[in-house]
Peer 1: 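Let me begin by handing over the structure; questions about it come next.
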Amino acid sequence: MPAKMKMLAVAIKDPADGPGADDVRRAQAGDVDSFEQIYREHSPRIYALCLRLMAGDAQSATELMQDVFIRAWRRLDTFRGECAFSSWLHRLAVNVMLENARSDGRRTARVLPMEDTGKLPGAAKSSGIELSMDLESAIASLPRGARMAFVLHDVEGYQHQEIAGQLGLSVGTIKAQLHRARRLLRERLER
Amino acid sequence: MTHEVVRHLLDDYVAGDLTEDARVPVLDHIGVCAICRSEVDDLEKLAVQVAALPRAVEPPVQAWAEIRSVIERDARVERTVSRRSSSRLRAQPYALAAAGLLVALVSSGGTALYLRERAAPSVAVAPPAAATADPAGAATLAAFTIEENNYLREAATLADVLEKQQGVLAPETVAQLKKSLRIIDDAILEARNALARDPGNRTLVEMLSANYRHKVDLLRRTTEMTRSS
């Protein structure tokens, strides 16, 4: 039986403004230990996002999070301090996830229609992860498109326009996916 | 506003996305329609539950070690690739394609040399430390697999972009690019096969990693050229 995930109620501090600003500067200069401090600070939030987007599949979520931090390390020199470091990192994480989603989407589209993604091996039903809240399980059981729209909009607070732009879809399509996600969630939570 | 029209606006109403002109008639309708009122209640309840979701989850403890392994290998590979030559290459499309070709040939030659050495009768000479399989070999390969997936995704995305934009490049540049990519792909395949036979060999991992990096780099720079054309 997999270990129950430890939910953390942590406040996300901003290394660019707070005590972690030195870590960012040192990491930009190539200091891996400082980058590890940044990882310790931000990985719980990024991992939570990855888990929800990957339907609770811990292995896929871990790989995705690792991709995000490897790319963050490689692109650290592009962070100029024009925005909060946490925003920069979060934006990068979402971009990596959406890029992966696009390429994964091309692959899975050849095999399964979007409505059937719950049957994929990584779907929540087969993940074995104990998402202790009913809502988490319901989100994980959503079809892929609806889940991405819901997590990015309702959980992470992205605008319709931003999600549509990143996914190459219309705002209308995103709104329709959101409507569908909320309807399915309400139905599943009522059961 | 009819019931059907209002029903389609309830998500935006709850999210606060409606203009004042649209919000007032929806509000009026909700006051008299039990179905819509119930739906609004459900949507608001869901929003409250979503707001209470935990925003952070502790990742698996071993995740950082694998990230660190990739980062440290990056640094080693970085040292072997001359930054000076790559900055010179930015200026010339043909030099760019030629660089890809050269890297591929060197990598391919390196792999071939390595394979020939392995096929030759053993001699009493200690192998270079970097080329020796070590107990951390499995971890090295596991960490590389993450990176390999990363490269494959990035290369696929860039190749898609390039395919759409290649019309702006001269036909001879496209032909040279394709030739370079074929050679790099052959070198990747060769190194990948060698690594499959010797999974703990760090030299092969670095060689393969360098091939992937140069493929992505060649695609990225060519894509940038098409955008600036």
Side-chain angles (χ1 to χ4, degrees), chain A residues 3 5-12 30 32-33 35-36 39-40 42-52 58-59 61-63 65-74 96 99-100 102-104 106 132-136 139 150 153-156 160 175 178-179 182-183 185-186 189-190, chain B residues 7-12 14-15 17 38-39 41-75 78-79 142-161 213 216:
Chain A
M5 288 189 301
K6 197 195 289 182
M7 299 294 184
L8 301 175
V10 294
I12 305 299
V32 181
D33 291 336
F35 188 65
E36 182 174 356
Y39 169 84
R40 302 281 171 219
H42 291 276
S43 58
R45 176 102 190 248
I46 300 291
Y47 184 62
L49 175 58
C50 293
L51 259 182
R52 290 192 179 112
Q59 189 179 338
T62 303
E63 286 175 9
M65 183 200 68
Q66 288 172 320
D67 272 1
V68 168
F69 278 96
I70 288 167
R71 289 211 207 180
W73 167 260
R74 288 176 181 160
V96 171
E99 275 176 31
N100 290 353
R102 278 196 294 272
S103 56
D104 290 350
R106 278 195 292 270
S132 57
M133 300 168 74
D134 286 345
L135 180 56
E136 293 281 18
I139 292 170
F150 182 81
H153 186 273
D154 283 21
V155 182
E156 296 295 329
H160 298 124
K175 283 190 168 190
L178 270 173
H179 176 75
R182 292 173 186 140
R183 180 174 54 75
L185 286 175
R186 278 156 41 212
L189 290 170
E190 279 168 13
Chain B
R7 280 189 68 188
H8 285 98
L9 295 174
L10 292 180
D11 281 281
D12 285 341
V14 172
D17 288 344
S38 165
E39 189 148 345
D41 287 346
D42 286 349
L43 285 168
E44 286 176 342
K45 211 182 295 173
L46 180 64
V48 169
Q49 284 179 278
V50 170
L53 285 173
R55 304 301 295 264
V57 178
E58 197 171 29
V61 285
Q62 79 279 9
W64 168 251
E66 290 172 1
I67 294 170
R68 185 168 190 131
S69 167
V70 172
I71 287 172
E72 288 175 343
R73 201 184 53 255
D74 256 14
E78 205 58 52
R79 282 195 291 272
F144 178 71
T145 305
I146 297 162
E147 193 180 12
E148 185 173 39
N149 288 336
N150 205 10
Y151 280 131
L152 289 172
R153 286 193 199 106
E154 193 165 356
T157 305
L158 286 167
D160 282 353
V161 173
R213 284 170 73 86
V216 167

Peer 1: Do the side chains of Glu156(A) and Arg55(B) get close enough for a salt bridge, i.e. N-O under 4.0 angstrom?
Peer 2: yes
Peer 1: Looking at side-chain heavy atoms only, is the closest gap between Val57(B) and Pro44(A) below 4.5 Å?
Peer 2: no
Peer 1: Taking Arg182(A), His160(A), Glu36(A), Arg40(A) one by one, which has the highest count of heavy-atom pairs under 4.5 Å against chain B?
Peer 2: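 That would be Glu36(A).
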Peer 1: State the CD-OG distance between Gln66(A) and Ser69(B), to the nearest 0.5 angstrom.
Peer 2: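 It comes to 10.0 Å.
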Peer 1: Atom CG in Leu185(A), atom CD in Gln49(B): separation rounded to 0.5 Å?
Peer 2: 9.0 Å
Peer 1: Does this structure show an ion pair linking Asp33(A) with Arg68(B), if we count only N-O contacts that are shorter than 4.0 Å?
Peer 2: yes
Peer 1: Give a yes or no on this: more than 12 heavy atoms of other residues, nucleotides or ligands lie within 6.0 Å of atom CD of Gln59(A).
Peer 2: no
Peer 1: Run the ring pair (Phe, Tyr, Trp, His ring centres under 6.0 Å) test against His179(A) and tell me which residues pass, sequence neighbours left out.
Peer 2: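 Counting only residues at least two positions away or on another chain, His179(A) forms no ring pair (Phe, Tyr, Trp, His ring centres under 6.0 Å).
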Peer 1: With a 4.5 Å limit on heavy-atom distance, are the side chains of Ile139(A) and Val50(B) in contact?
Peer 2: no
Peer 1: Quick one: pull up CG in Leu43(B) and CG in Asp154(A) and give me the separation to the nearest 0.5 Å.
Peer 2: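 Here the rounded value is 9.5 Å.
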Peer 1: Tell me, for Phe35(A) versus chain B, whether the close heavy atoms (under 4.5 Å) come from the side chain, the backbone, both or neither.
Peer 2: both
Peer 1: Quick check for you: to the nearest 0.5 Å, what is the distance between Leu178(A) atom CG and Asp11(B) atom CG?
Peer 2: 7.5 Å
Peer 1: Between Ala63(B), Ala51(B), Ala47(B), which has the largest tally of heavy atom pairs under 4.5 Å with chain A?
Peer 2: Ala63(B)
Peer 1: Hey, does Lys45(B) have a side-chain heavy atom less than 4.5 Å from the side chain of Arg186(A)?
Peer 2: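 Counting from C-beta outward, Arg186(A) and Lys45(B) never come under 4.5 Å.
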Peer 1: Identify whether the distance between the nearest side-chain nitrogen and carboxylate oxygen of Asp12(B) and Lys175(A) falls below 4.0 Å.
Peer 2: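 So Asp12(B) pairs with Lys175(A) through a salt bridge.
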Peer 1: Can you find a pair of side-chain heavy atoms, one from Met65(A) and one from Pro59(B), that are under 4.5 Å apart?
Peer 2: yes
Peer 1: Between Arg74(A) and Val70(B), is a side chain to side chain contact (heavy atoms under 4.5 Å, CB included) present by the stated rule, with each step listed?
Peer 2: CA-CA 11 Å; Arg74(A) 288 176 181 160; Val70(B) 172; 3.9 Å; yes
Peer 1: Tyr39(A): which residues meet the ring pair (Phe, Tyr, Trp, His ring centres under 6.0 Å) condition with it, sequence neighbours left out?
Peer 2: Phe69(A), Trp64(B)
